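First the structure, in the form of structure tokens, and then the observations on it.
Computed from a predicted structure; not experimentally measured. Every chain is numbered from 1 and lettered A, B, ... according to where its sequence line falls, protein lines coming before strand lines.
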There are 2 protein chains.
Amino acid sequence: MRYTIGQVAKKLGLTAHTLRYYDKEGLLPSVKKGSSGARIFNDEDIDWLIIVECLKGTGMQLKDIKKYIDLCQKGDSTLATRLELFKQQKRQLEEKLAQFQQYMEKINYKIAYYTEAVAKGSVDVCKQNKCLAAEKERLFGHK
Amino acid sequence: MRYTIGQVAKKLGLTAHTLRYYDKEGLLPSVKKGSSGARIFNDEDIDWLIIVECLKGTGMQLKDIKKYIDLCQKGDSTLATRLELFKQQKRQLEEKLAQFQQYMEKINYKIAYYTEAVAKGSVDVCKQNKCLAAEKERLFGHK
DNA sequence: TTTCCACTTAAAGTTCGCTCTATGTTTATG
DNA sequence: CATAAACATAGAGCGAACTTTAAGTGGAAA
């Protein structure tokens, strides 16, 4: 299956501008061009873009994604390095997940706090609520 | 308890520069200044900065955090709006968490793929592995 | 054929969140 | 009392990832 840049953009929720920018940055090494100069994407390019989005979404910078591409193009001698790269990325993702859990607890505290405040019509009442105070102590620690 | 900008920076893993920048942007409305002009932080300012980091970490831009501050300063009439803001932020965080789960699956696939490739010494072998192919199909979908 | 749409390049511009520089004042230490 | 550390302001600079602009090409529909 062949795709134009516009079709790929739509499929992946990016803009054609962004895809051209990625290409310029060397992130799309296997995308070919037709006689008119238009880029022609295939299914493997889509798969590749999904991995790019995955690495980007887990916090990798474009220049480091580029380095991964360079490893891929060097062939089988870089397999172990590439494996290590994904293991590292997994560790980073796990850290981010743990961080998000902590953010979630704080947001849940805030929701409980404001729910109480809205019910009572004032923030002052919340400050007397022992349960909320204990939760705040737990989440924000002793100073 | 009182803190200087340097102590707060250390406590929260930020720089004094960043804290001054936040102040300039109006993100630290309750920080006072001493006779020499030096900022004086207290425990509530620390709590507040923890919430700022939480909102920032869950994807809120500084200008939108500023809007939340403005709501806080308008008093109890904005309590419902503030509650809604945190509920919205919770939904966004849940979406991000779900997104991260999907990234994790793709990364796990890549780890399995490269583990196999390293064991066999070549990527070509992986493409014949039915199990990996099925997983790829599941994660990357039909095109 | 004309008109329109999607594509092209090259380069400048934008936004975000800092980060650094220059210059100066205050405070703590030996 | 001198010096060094930590604070201050104002404003310039930076890196990342786009985003937009300008000017043009190619191919299909009316």
Nearest-Å distance, CE (A:M60) to P (D:dA17)? 11 Å

Between C:dA11 (C1') and A:D23 (CG): distance, integer Å: 17 Å

How many Å lie between CD on B:Q7 and P on C:dT27, as a whole number? 15 Å

Salt bridge check: are A:E84 and A:R91 linked by an N-O gap of less than 4.0 Å? yes

B:Q61 side chain: which of C:dG17, D:dT20, C:dT19 is closest? C:dG17

Which nucleotide in the list D:dA17, C:dT19, C:dC7 gets nearest to the side chain of A:R20? C:dC7

Euclidean distance, atom CG of residue A:L62 to atom P of D:dA17 [Å, nearest integer]: 4 Å

Do B:I40 and B:M1 share a hydrophobic cluster, counting only Ile, Leu, Val, Met, Phe, Trp and Tyr and linking them when any side-chain heavy atoms are less than 4.5 Å apart? no

Selection from C:dT8, C:dC16, D:dC7 that lies nearest to any side-chain heavy atom of B:I5: D:dC7

Starting at NZ of B:K24 and ending at P of C:dC20, how long is that distance when rounded to a whole Å? 14 Å

When we call it a touch if two heavy atoms are under 4.0 Å apart, what does A:T15 touch: a base, just sugar-phosphate, or nothing? nothing

When all nucleic acid strands are considered with a 4.0 Å heavy-atom cut-off, which category describes B:R39: base, sugar-phosphate, or nothing? sugar-phosphate

Measure from the side chain of A:K33, starting at C-beta and using heavy atoms only, and say which of C:dC18, C:dT8, C:dT27 lies closest. C:dT8

Whole-Å distance separating the NZ atom of B:K10 from the P atom of D:dC7: 11 Å

Once you round it to whole Å, what is the distance between P of C:dT15 and CG of B:D64? 15 Å

Looking across every strand, which nucleic acid part, if any, lies under 4.0 Å from B:E25 by heavy atom: base, sugar-phosphate, or nothing? nothing

Using a 6.0 Å cut-off, check whether atom CD of A:Q101 has over 12 heavy atoms from anything other than its own residue. yes

Can you tell me the distance, in whole Å, between the CG atom of B:L19 and the P atom of C:dG17? 15 Å

Of all the choices, C:dC7, D:dG27, D:dA17, which nucleotide is nearest to the side chain of A:S35 once you look at every atom? D:dG27

Any side-chain N or O of B:T18 under 4.0 Å from OP1/OP2 of C:dC18? no

Nearest to side-chain heavy atoms of A:A38, which nucleotide of D:dC18, D:dT21, C:dT8: C:dT8

Per atom distances to the A:Y21 side chain, the nearest of D:dA8, C:dT9, D:dA17 is D:dA17

SB check A:D70 A:K67 (cutoff 4.0 Å): no

Do A:K106's NZ or CZ and the ring of A:Y103 fall within the cation-pi criteria of under 6.0 Å and 45°? no

For DNA chain C, whose closest nucleotide is more 5', that of B:S36 or that of B:K63? B:K63

